[in-house]
Amino acid sequence: MEAVASFLLILGIYFLGTVAIIQQVIHPKREMVPIHGTKSKTVVTNYAKILALSFLLALATTTLAYLLFI
């Protein structure tokens with residue numbers, strides 16, 4: 001139980017750190033894009049890309065750190 005709690009705590013800390021670093025590299029964008037054939041517009045962002053990349057990097061580094069220090 002302590003192992004799972006430690007892993008999740010380290011993962012959370014690494015995730016927040018990688019989000020901060022990734023946002024410096026991939027700047028968050030939010031732009032209005034018109035929909036074809038209508039007068040309405042939709043919002044296109046890259047937030048999902050930033051969060052997914054940050055989570056994958058955090059998961060990889062957490063797993064590596066956890067395996068090295070067991």
*Minimum side-chain heavy-atom gap Tyr14-Leu57 below 4.5 Å*: no
_With heavy-atom distances below 4.5 Å as the criterion, would you say the side chains of Lys41 and Val33 are in contact?_
no
*Any chance you could lay out the side chain to side chain contact (heavy atoms under 4.5 Å, CB included) test for Lys29 and Thr45, step after step, and finish with the verdict?*
CA-CA 5 Å; Lys29 293 180 184 173; Thr45 64; over 6 Å; no
_ring pair (Phe, Tyr, Trp, His ring centres under 6.0 Å): pairs with one or both residues in residues 39-70, sequence neighbours excluded_ = Phe7-Tyr66
*Between Ile26 and Leu51, is there a shared hydrophobic cluster once you connect ILVMFWY residues whose side-chain heavy atoms come closer than 4.5 Å?*
no
*Quick one: OG1 on Thr18 to CG on Leu59, what's the gap to the nearest 0.5 Å?*
10.5 Å
*CZ/Arg30 to CG/Asn46 distance, rounded to the nearest 0.5 angstrom?*
12.0 Å
*State the CD1-CG distance between Ile13 and Leu8, to the nearest 0.5 angstrom.*
11.0 Å
*Distance (rounded to the nearest 0.5 Å) between Thr42 OG1 and Ile35 CD1*: 5.0 Å
*Establish whether Leu9 and Leu16 are linked, either directly or via other cluster members, by ILVMFWY side-chain heavy-atom contacts under 4.5 Å.*
no
*Which atom pair, heavy atoms only, marks the closest approach of Gln23 to Ile50?*
CG-CG2, 4.0 Å
*Looking at CG of Leu64 and CG of Leu67, how far apart are the two atoms once the value is rounded to the nearest 0.5 Å?*
7.0 Å
